Amino acid sequence: MNPVDDAERLALCLPERIAALSDEELRQEYLSNTAEAGDPLQDALAAELEIRNIDL
C-alpha cells in the first residue's frame, strides 16, 4: 500500500470508528491526540464533539 491508499482507507473508516466511541472515549481520544488542526482524525474528532455537544 502507498500512503495515499492508507489515507483513503483511514478516511473511510473514521466515521464508523468515531461513532462507536462513547462520549467519554471520544473526549479522551481527542485530548490524547497530539495532531495539529488540519489532521483528518483530529478534525473528525472535533466535529463529533461538536455534534454531540460535548464540552472538554
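Not measured: the values here are computed from a predicted model.
- Linking Ile, Leu, Val, Met, Phe, Trp and Tyr residues whenever their side-chain heavy atoms come within less than 4.5 Å places Leu31 and Ile54 in a single cluster.
- Note: the hydrophobic cluster containing Leu26 also contains Leu56 (ILVMFWY, side chain heavy atoms under 4.5 Å, direct or indirect links).
- A salt bridge links Arg17 with Glu29; the closest basic N to acidic carboxylate O contact falls under 4.0 Å.
- Applying the salt bridge (charged side-chain N to carboxylate O under 4.0 Å, His left out) criterion to Asp23, with sequence neighbours excluded, gives Arg52.
- No side-chain heavy atom of Tyr30 sits less than 4.5 Å from a side-chain heavy atom of Glu48.
- With sequence neighbours left out, the side chain to side chain donor-acceptor pair (under 3.5 Å) criterion links Ser22 to Glu25.
- In terms of the side chain to side chain donor-acceptor pair (under 3.5 Å) criterion, Asp39 has no residue partners (sequence neighbours excluded).
- Taking CG from Leu45 and CG from Asn33, the interatomic distance works out to 6.0 Å, rounded to the nearest 0.5 Å.
- Rounded to the nearest 0.5 angstrom, Leu41 CG and Ile18 CD1 are separated by 6.0 Å.
- Listed by chain and number, the residues in a salt bridge (charged side-chain N to carboxylate O under 4.0 Å, His left out) with Glu24 are Arg27 (sequence neighbours excluded).
- With rounding to the nearest 0.5 Å, the separation of CD in Glu16 from CG in Leu21 is 12.0 Å.
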